[in-house]
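Below, chain A is the first sequence line, B the second, and so on; all start at residue 1.
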4 protein chains.
Amino acid sequence: MSVKKTENELKALSAKAQKKRNNILGNSMRVFAKEGFGGTDVQVIADLAGVGKGTVYRHFGNKEQLFLATAKHCLEMLGQFVLKELGGEQASQQLVQQHGAIETLRQIASAVALFYQRTPQAVEIMIQERAEFRETVFPSHLMHRAENRAGVDELIKAAIDGGEIRVVDPTIATNAYSDLIYGSVISGCLEGGKSKLVARVDAAMEIFLAGLTPENSKSKRKPRNS
Amino acid sequence: MSVKKTENELKALSAKAQKKRNNILGNSMRVFAKEGFGGTDVQVIADLAGVGKGTVYRHFGNKEQLFLATAKHCLEMLGQFVLKELGGEQASQQLVQQHGAIETLRQIASAVALFYQRTPQAVEIMIQERAEFRETVFPSHLMHRAENRAGVDELIKAAIDGGEIRVVDPTIATNAYSDLIYGSVISGCLEGGKSKLVARVDAAMEIFLAGLTPENSKSKRKPRNS
Amino acid sequence: MSVKKTENELKALSAKAQKKRNNILGNSMRVFAKEGFGGTDVQVIADLAGVGKGTVYRHFGNKEQLFLATAKHCLEMLGQFVLKELGGEQASQQLVQQHGAIETLRQIASAVALFYQRTPQAVEIMIQERAEFRETVFPSHLMHRAENRAGVDELIKAAIDGGEIRVVDPTIATNAYSDLIYGSVISGCLEGGKSKLVARVDAAMEIFLAGLTPENSKSKRKPRNS
Amino acid sequence: MSVKKTENELKALSAKAQKKRNNILGNSMRVFAKEGFGGTDVQVIADLAGVGKGTVYRHFGNKEQLFLATAKHCLEMLGQFVLKELGGEQASQQLVQQHGAIETLRQIASAVALFYQRTPQAVEIMIQERAEFRETVFPSHLMHRAENRAGVDELIKAAIDGGEIRVVDPTIATNAYSDLIYGSVISGCLEGGKSKLVARVDAAMEIFLAGLTPENSKSKRKPRNS
DNA sequence: CATGAATGAGTTTTCATTCAT
DNA sequence: TATGAATGAAAACTCATTCAT
């Protein structure tokens, strides 16, 4: 049985198998986050998950793939969380139309921050992945960005055309936006304790997004109550 | 145990020891950056440095302390590099007075980016440190920030008072400024290849610093040729 | 984790594990005795036992515990051997009643000597344990004594009451009896070659036990043919 | 320069060298006794002695010879102590003549016990030597015995001829006498705490020496107040 | 499919010994 | 002679991975 599963294969798995898989993944997230990739003993994950070590290997092939699956799992959770926070696909569309791109970017950033504030283990996983697999594997969080950046790019491009955002290279703006979130999350989860992440990101965004706003429209922005 | 040693003998001794120490440190930086903390075999560092493994342990105690010393070394190099780029202490003072805080922040960020672009290993070291020693050790890069943030804070505070920067919480601004650099450096050194780091940071700064600029002064800024 | 296992399967499993355990123990006894605790490489034991080094560690945790288990194993063998030599529990009781305490003490000492003469490795183990773990661990041979001394104490006490042994502090007598055996075994296995241990202990006992005999009964004792 | 020194070479050493040698020996005794042979780091001995590690090696050749020299040193101290306790050569002669062999043996045993009670490190050294060098080196304590046993043998032989000791093989008696002291010292220094060693040996001797006494003379012995 | 005992390659670390100063 | 920095052989111990049950 291949360990790398296609979407279809995954769907084909019995509910029971899915449950076991997620059980392992949940525990591996905790352990990897706490002990780091190198410091993690797969046996510990198996014990916490209440399965044999062989079962873990059957499902994920090896430690590296287990970790990568864990990282992917985190990102999926992040994606779902952000979408839910924005109220779903439709509400997101409406948000852009009714409140503009800037506000949308702000809310996305805020949602991301909230996710990592509530799931600080995901921060560790992200860092571990970057640290361990820098060259070997294209980090899933970058892959995740790649998936999402198209959206952000579009958002920004349209906003530039509409005059809501001043004229900048959309790629540059997207990068800067992502980098600021990324840097704030990593630093913020250590420095500010776990409860200050949203505040830190919101505050940073307030400045950054102001930098994207055309001068004449700045005064029009309503004060916010974040 | 020597009965008496002249100052010169002492200095000569410590100079020799210093040389050996730096030799080891330089090689450990390369290896740790390439292999990661967990993936590094101290023997390899010793071989590259042309010394016995015991010598490495004699100088640094254990692998962890060797790594931490390496990380500290990187930050010291960064500090020296930035200072040199700005032209030294005095020139830095003049820079602020003649070109303002915004321009100074831009140049600092640019210098930091240039350092990491030229010394991409330092990026890996920084990430490794964060990944391996998250809670155990207060990361030296944060310590480094703590040392420098006072200066940035002052800079921003004064600029706010002088009207060059719009009214924001200086702590927040400093955090955001640092986080953006941090995030850009980590992402940029992977995504853009090694040569694009300065461009990425400069571009991000262009947006971010615009967000710090009061509206009426924005138009006055000259276009930059990054 | 097996869902169900019959009693037999469990017994079979533990029997197999027991066999492997005893296999390791037997070889560790040889190696520890020959090389000493410090001089022993666990790998050698594993090789001789025909198992992987990891298996040894899996079963015994670390070198120290392996050694301690070995020492305990020796003492168990000693206990079984002595009991067997005396003909079992019942025969021992009869021995006391029919031939008296003195004769019993002599036979016990003789059996102990015979064991160590046939299993000189056990002597080395005992010494190693004393040498390496003096304060850390309460030596198992002393623990062993503690278990047996109650019996010897009783024996002597009863014999004093019955007039077979002259009036002495039973604790003192037991100590002296044990110390003499202990000292003879340790010295004898080196000095006299391996074959003279029983003779040495018997001869020493002849003198010592005479010292426990009331004067008037001494002349009654029949000459022995050791 | 040879590390193994003849008596003459030793005497030829300057007082200063002698002092340094004894300084090292005194510290090595403490460290070997506390840490065991394998657990001892020669550097620690050098540090305590206030000399360089090279100096230790210059004087003693290697760790093994350092240990052996330490063991020998202990035995020399023991010999001197016992002789002093008995009041010197002459007094010893008189002791035998005036109080008999039995009393002399008792006093020797008591003196030995007192030495080990006051210098418990010497016990550890003795055990370590036996444990580490069982076959390689003929243990110095046995060598020591060999030197002294001649005297004890003579003593016993003469006492048998004189009727003070009952007819036994003198070699056997000497062995048993030594073994009992040996066993008591090793056990006693652990079990009874350090302060009970003399009492333990005295009590054991009381019984053992009774076993050497002819029946008819037993009643003549005065009760002792140990 | 699940399990967990077995394995041994791979690493860290120590420390006896040497030798240039 | 004295020193102590340098060395590297040696060993303990871990844990990812396999595979017989």
Side-chain angles (χ1 to χ4, degrees), chain A residues 1 14 16-17 20 37-47 50-67, chain B residues 1-3 5 9 12-13 16-17 20 38-44 46-47 49-64 66, chain C residues 1-3 5 9 12-13 16-17 20 38-47 49-64 66, chain D residues 1 14 16-17 20 37-47 50-66:
Chain A
M1 186 191 64
S14 71
K16 200 171 180 178
K20 180 168 285 187
F37 178 78
T40 290
D41 184 343
V42 175
Q43 182 69 64
V44 172
I45 295 174
D47 290 347
V51 301
K53 186 152 52 165
T55 303
V56 176
Y57 276 86
R58 167 170 301 280
H59 279 273
F60 297 95
N62 60 26
K63 190 184 180 184
E64 188 171 316
Q65 287 182 38
L66 170 60
F67 179 83
Chain B
M1 190 180 51
S2 69
V3 187
K5 261 199 191 330
E9 281 173 331
L13 195 71
K16 202 169 186 177
K20 181 160 284 187
T40 290
D41 182 347
V42 175
Q43 181 70 64
V44 173
D47 290 347
V51 301
K53 184 157 45 172
T55 303
V56 176
Y57 277 90
R58 159 169 281 279
H59 277 271
F60 296 96
N62 59 27
K63 192 184 179 184
E64 185 171 319
L66 170 61
Chain C
M1 191 178 50
S2 68
V3 188
K5 262 200 189 333
E9 280 173 331
L13 196 71
K16 202 169 185 178
K20 182 160 284 186
T40 290
D41 183 346
V42 175
Q43 181 69 65
V44 172
I45 294 174
D47 291 347
V51 300
K53 182 158 50 173
T55 304
V56 176
Y57 278 91
R58 159 170 281 278
H59 277 271
F60 296 96
N62 59 27
K63 193 184 178 183
E64 185 171 320
L66 170 61
Chain D
M1 185 188 67
S14 71
K16 201 170 180 179
K20 181 167 285 186
F37 179 78
T40 289
D41 183 344
V42 175
Q43 182 70 64
V44 172
I45 295 174
D47 289 349
V51 301
K53 187 152 51 165
T55 303
V56 175
Y57 276 86
R58 167 170 301 282
H59 278 274
F60 296 95
N62 61 25
K63 191 184 180 183
E64 188 171 316
Q65 286 182 37
L66 170 60

Smallest separation among heavy atoms of A:Asn62 and A:Tyr57, with atom names: CA-CE2, 3.7 Å

Smallest separation among heavy atoms of C:His59 and C:Ala17, with atom names: CE1-O, 4.3 Å

Under-3.5 Å donor-acceptor pair between C:Lys53 side chain and E:dT7 base: no

D:Tyr57 OH - F:dA6 C1' separation (whole Å): 14 Å

Atom pair distance, as rounded to whole Å: CD1 in C:Ile45 and P in F:dC13: 12 Å

d(CG, D:Leu66; P, E:dA16) in whole Å: 10 Å

5′-ward residue of the pair D:Gly38/C:Gly50 relative to DNA chain E: C:Gly50

Heavy-atom closest pair, residues C:Lys63 and C:Gly38: NZ-O, 3.8 Å

Integer-rounded Å distance: F:dT14 P and C:Phe60 CZ: 16 Å

Spacing of D:Gln43 atom CD relative to F:dA6 atom P, expressed in whole Å: 13 Å

Out of E:dT17, F:dC15, F:dA12, whichever nucleotide has its closest atom nearest the side chain of D:Asn62: E:dT17

F:dA12 phosphate, OP1 or OP2, under 4.0 Å from C:Lys63 side-chain N/O: yes

Approximate separation, where rounding is to 0.5 Å, of D:Arg58 CZ and D:Lys53 NZ: 15.5 Å

Heavy-atom closest pair, residues A:Gln65 and A:Phe60: CB-O, 3.1 Å

Candidate nucleotides E:dT12, F:dC15, E:dT7, ranked by approach to the side chain of C:Val51 - the nearest: E:dT7

Under-4.0 Å side-chain N/O to phosphate OP1/OP2 contact, D:Lys20 with F:dA2: yes

Distance, nearest 0.5 Å, that separates OG1 of A:Thr55 from CD1 of A:Ile45: 13.0 Å

Phosphate OP1/OP2 of E:dC1: any A:Arg58 side-chain N/O under 4.0 Å: no

d(CG, A:Asp41; C1', E:dG4) in whole Å: 13 Å

Whole-Å distance separating the CD atom of A:Gln65 from the C1' atom of F:dT17: 13 Å

C:Thr55 side chain, from C-beta outward: closest of E:dT7, F:dC13, E:dA16: E:dT7

Nucleotide nearest D:His59 (side chain, heavy atoms from C-beta), chosen from F:dA2, F:dC13, E:dA6: F:dA2

Bracket notation of DNA chain E in which parentheses pair within the strand, [ ] cross earlier pairs, and | pairs with another strand (Watson-Crick or G-U, under 3.5 Å): .||||||||||||||||||||

Residue whose nearest DNA chain F nucleotide is more 5′ - B:Gly52 or C:Thr40: B:Gly52

With C:Gln43, the side-chain hydrogen bond (donor to acceptor under 3.5 Å, both in side chains) member among C:Asp41, C:Asp47, C:Thr40: C:Asp47

Atom-to-atom span, CG of C:Asp47 to C1' of E:dT7 - whole angstrom: 12 Å

